[in-house]
Amino acid sequence: MLLTRKAEFSASHVCANPQLSEAENRAIYGANSNPNGHGHNYVLEVTVEGDPDPVTGMVFDLRELKQILNDEVVDPMDHRFLNREVPPFDRVVPTTENLAAEIWKRLAPRIAGANIRLRNVRLYETSDLYVDYGGEPCA
Amino acid sequence: MRLTRRYRFSASHRLDTPTLTVEQNRRLYGKCNNPYGHGHDYMLEVTVEGPLDSSGQVVDRGALDALVAGQVIERLDHKNLNADVPELAGAVPTTENLASAIRRTLVNSWTLPPRLERVRISETDRNIFELETSK
């Protein structure tokens with residue numbers, strides 16, 4: 001069975017690779033490369049796969065899941081400038097793709113067990129753009 | 001990794017198939033058979049799948065937007081699907097047929113590095129149609 005929990009956080013970022021020129025960054029990332037940054041209301045949907053526990057009837061303790069999302073994502077990222085305050089985005093370009101992969105990396109070890117695994121991370125940058133990541137090799 | 005982008009267009013249509021009688025069309029399509037047609041604000045989701053490139057992206061947003069705008073949105077937005085869209089000529093413009101036509105158009109014009117994984121289109125927020133593209 002799949003269980004999905006949603007969380008939201010607001011953060012600012014700049015998408016620019018320091019190894020490229022300003023013009024090259026603008027060509028690749030457009031307005032996302034504006035040097036002083038801009039922000040989004042990110043919406044995160046985390047999907048957990050597992051069998052309901054025969055005693056509790058739950059796939060995963062929802063309070064625990066909420067706590068994990070708060071610890072790993074919302075607390076460190078909400079109302080932050082990702083490039084300056086949230087490693088590894090001081091050296092990794094915080095595209096929605098890289099942010100989804102980083103969120104996966106933070107959550108997967110805490111959502112793992114005999115009958116439970118992290119199945120998907122869906123991250124909306126805006127309501128018109130989202131990324132799905134299931135842990136497969138990125139490059 | 002998969003990336004999905006949403007686009008919107010508005011169009012009119014009338015559902016009526018010439019192989020059925022007036023009464024049969026009326027019963028089959030209900031209000032969608034009203035003689036002068038009606039319109040919807042459609043929402044199209046285009047999902048692409050592939051590895052990240054050196055910029056940390058699955059796809060260049062500008063290139064994806066340009067392709068979808070040129071191949072799909074500009075051809076459909078503010079059009080009558082029965083009269084103005086050659087891709088739908090001879091087909092009843094149900095949202096099922098519209099989804100097939102959009103997928104076919106995108107597959108035939110696809111030039112981007114990631115693969116087209118699926119198209120999903122909603123006619124209203126209660127009716128949603130989805131087509132995968134086989135690997």
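Chain letters run A, B, ... following the sequence lines, proteins first, then strands; residues in each count from 1.
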Between [X] and [Y], what is the shortest heavy-atom contact and its length?
X: B/M1; Y: A/A101; result: CE-CB, 4.1 Å
X: B/V59; Y: A/E97; result: N-OE2, 4.1 Å
X: B/S55; Y: A/I28; result: CB-CG2, 3.7 Å

>> To the closest 0.5 Å, what do you measure between OG1 (B/T4) and OH (A/Y124)?
In response: 8.0 Å
> Going from CZ on A/R122 to CZ on B/R2, what distance comes out if it is rounded to the nearest 0.5 angstrom?
Replying inline: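 If we round to the nearest 0.5 Å, A/R122:CZ and B/R2:CZ are 7.5 Å apart.
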>> As an exercise: rank A/P94, A/P137, A/G134, A/S127 by heavy-atom pairs under 4.5 Å with chain B and give me the winner.
In response: A/S127
> Does any heavy atom of chain B fall under 4.5 Å from the side chain of A/T96, the backbone, both, or neither of them?
Replying inline: both
>> Does B/R61 form a side-chain contact (heavy atoms from CB on, under 4.5 Å) with A/L129? I'd like the steps, not just the answer.
In response: CA-CA 10 Å; B/R61 274 69 155 154; A/L129 179 78; 4.0 Å; yes
>> Report which part of B/V46 has an atom under 4.5 Å of a heavy atom belonging to chain A: side chain, backbone, both, or neither.
In response: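 Contact with chain A: none, neither part.
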>> Please classify the contact between B/E49 and chain A as side chain, backbone, both or neither, with a heavy-atom cut-off of under 4.5 Å.
In response: neither
> For atom CZ of B/R26, is the number of surrounding heavy atoms from other residues, nucleotides or ligands below 6.0 Å larger than 12?
Replying inline: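 Above 12, so yes.
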> So A/D128 and B/R8, side-chain contact (heavy atoms from CB on, under 4.5 Å) or not? Walk me through it.
Replying inline: CA-CA 10 Å; A/D128 288 347; B/R8 292 177 174 79; 2.9 Å; yes
